[in-house]
Structure formats: structure tokens, C-alpha cells
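Report on the structure given below.
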Amino acid sequence: GTLTTVIIVGNSVGPLAGGVVADLLGLRFTFLATALLLVAATAILLRWVREPGSEPAGAGLTAGAEVPDGARVSSSDHPSAGAHPPAGPKKRPVFDFSPFREMPSLAGILLIGLAVQTAGSIVYPMLPLYVQSLDAHGGMVASATGLILGASALCAALAAMLAGRLGEKMGYGLILQVCLLGGFLFSLPQAWVGNPWQLLVLRSAASAFLGGTMPALNALVATRVSRNKQGGVFGLASSFNSVGNAIGPAVGSAVATAFG
């Protein structure tokens, strides 16, 4: 849940900061702020992030240190001395469907993740217009929209951390069921709110429940798929989540255009 929490915290700060910058400095400055943040992220990556095994060979030996006898390479160990070279790593297929055999419910988990991401992003295109309609005579619409999105993402981050801990004690399946039910109960009344503050409360509560679904889904995958295949499965899950984030705004725009 910690990694999910960090990601969602970034998602909470972004809309709030973007809304304030847009209202105070103009829309164009939000793109400049985005570029500067990406430059800062690149600098952090180059300065502090190191992959395992990226240290140069022999970096851990000090000058004059003796090499252990077991680490010495004799001429008989060299391939040129007649020994067969070690076999290379076994190639894996590009599309490995074996995790679906190990975990028959994997397809359902991926679809749940897609549905959750779609539900969370479906209101993004018309949220500023909805906020403006709730407070037609008020200003700072971008800031109000950013506050709603930021508070919602912050609640989701806190809920993700809590859900990860509760899942270890109560079971991730139960946590997932409770979160999906809570997300439904707090999402439905948002259509009948009377002011932006009511929308803020309801959307934050719904986002908290939806945020708790992601650690539960990830834990269900991690505990049921072989460790050597988890990377591919998590990559597939990330792809499904990205598709949900892409489908949601498109569906929301179509529904708003057709039905208002």
C-alpha cells in the first residue's frame, strides 16, 4: 500500500496546485510548471536512483584487498580450456498466459481494476463545468475543482495505506468487497448535490473507498502468482488500469454530451 499511497499523494497535489496556478497566473503557466517538475524528477533519477547490480565490477574491493580463494578463476575454468560455456537464460514467450492458469480469478481482478479506474476518471472532463453550475456566481472555479480532486486523491492515498494494513488481518477479499460497496454508495448521491462543498465531501468519501481497492487487488495478485511471473502480471494490471483511465473521460464526455 505504501507505493500506491505515494502515487496517489502526487495525484492529489497535482490538481490542487494546477488549479491555483491557473487561477492566479493563467492556464499557460500550468504547462510550464509541468515541464519543470519533469526536469526535477529526471535530476532526482540521475542523482540518487541506482539499479541493483549497476555498480562496476570490483567496486566493493578496496585497494590491496585479497581475493577469496573461491573467487579466483583458474585457467581450467575458462571456456577456452575445453569447458562448455554456461547456458544462457531461457527465453520466455512475449505473451505468457500461464498466470491465468495459476490464478483463474486473475481475469476478474484485472477487469475490476479497469472498472475502478474508469469509474474514478469518468467525471474528469465535465467536473469543472459541474462545479461552475453548482456555484454560478462564485469565482476560482479552477481552484475549487483542483481542491475537490486533490482532497479526493488524498483521501484515496490514506485509505490505500489503511486498506493494505487491514487486509493483512481481515483478508483482502473482504476489504475489496467493502471498498466497492462504499464507492457505489458515495458516488451515486453526487448527482444531486446542491453546492461544491457537498460534492467535495461525497467525492472524497467515494475516492477513499475506491483508493482502498488497489492495494487489495495488488495483494491478491502477489499472493497467488509465482514470484518469477509477478512482474509481467503487474505490468498487465497497470495496462488495464491505464485503459480504464483512458476510457473513463471518453465515456464521461459522451454521456454528458448525449444526456447533459
Side-chain angles (χ1 to χ4, degrees), residues 1-52 54 113-114 116-132 138-164 196-197 199-201 203-215 217-218 231 234-253:
T2 304
L3 180 59
T4 303
T5 300
V6 172
I7 294 174
I8 299 179
V9 166
N11 291 334
S12 67
V13 175
L16 178 58
V20 173
V21 169
D23 280 331
L24 296 180
L25 302 177
L27 294 174
R28 296 181 183 274
F29 282 90
T30 58
F31 298 100
L32 177 61
T34 300
L36 292 177
L37 286 174
L38 292 177
V39 170
T42 304
I44 293 173
L45 172 66
L46 297 176
R47 177 63 180 85
W48 285 294
V49 178
R50 294 290 183 272
E51 293 190 56
S54 61
L114 185 148
V116 168
Q117 296 300 321
T118 302
S121 61
I122 198 170
V123 300
Y124 285 170
M126 62 279 197
L127 187 60
L129 298 177
Y130 192 40
V131 172
Q132 187 176 24
M140 307 290 284
V141 174
S143 296
T145 304
L147 178 61
I148 293 174
L149 292 175
S152 301
L154 180 61
C155 290
L158 297 176
M161 182 180 296
L162 180 62
W197 298 110
L199 180 62
L200 171 65
V201 173
R203 183 154 185 85
S204 296
S207 297
F209 281 101
L210 293 179
T213 61
M214 301 314 296
L217 291 172
N218 291 336
F234 281 123
L236 185 61
S238 179
S239 298
F240 270 71
N241 294 340
S242 299
V243 170
N245 287 326
I247 292 177
V251 173
S253 299

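One-based numbering along the sequence shown.
A distance of 10.5 Å separates OG1 of Thr42 from CG of Leu37, quoted to the nearest 0.5 Å. The structure places CG of Leu158 at 5.0 Å from CG of Leu154, a figure rounded to the nearest 0.5 Å.
Residues Ala163 and Gly212 approach most closely at CB-O, 3.6 Å, considering heavy atoms. The two residues Ser121 and Gly248 have their closest heavy-atom pair at OG-CA, 3.5 Å. Of all the heavy atoms in Pro249 and Pro125, the pair that sits closest is O-CG, 3.3 Å. Scanning all heavy atoms of the two residues, the minimum distance from Ala151 to Leu200 falls at CB-CD1, 3.6 Å. What you find for Pro215 and Ala160 is that their closest heavy atoms are CG-O, 3.3 Å.
Pairs engaging residues 16-35 under the side chain to side chain donor-acceptor pair (under 3.5 Å) rule: Asp23-Ser143 [sequence neighbours left out].
Contact check for Arg203 versus Val123: side-chain heavy atoms found under the 4.5 Å cut-off. Inter-residue side-chain proximity for Trp197 and Leu147 is flagged as met; some heavy-atom pair is nearer than 4.5 Å.
Judged purely by atom type and a 3.5 angstrom limit, Thr213 has no side-chain atom pairing as donor or acceptor with the backbone of Phe209.
By the side chain to side chain contact (heavy atoms under 4.5 Å, CB included) test, Phe29 pairs with Val21, Leu25, Leu32, sequence neighbours left out. Ala159 is linked by a side chain to side chain contact (heavy atoms under 4.5 Å, CB included) to Ala208, counting only residues two or more places apart in sequence or in another chain. Considering only residues two or more places apart in sequence or on other chains, Leu114 meets the side chain to side chain contact (heavy atoms under 4.5 Å, CB included) condition with Thr118, Phe240, Val243. In terms of the side chain to side chain contact (heavy atoms under 4.5 Å, CB included) criterion, residue partners of Leu199 (sequence neighbours excluded) are, by chain and number, Leu127, Tyr130, Val131, Leu134, Ile148, Gln190, Val193.
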Test log, rule side chain to side chain contact (heavy atoms under 4.5 Å, CB included), inputs Gln117 and Leu210: CA-CA 9 Å; Gln117 296 300 321; Leu210 293 179; over 6 Å; no
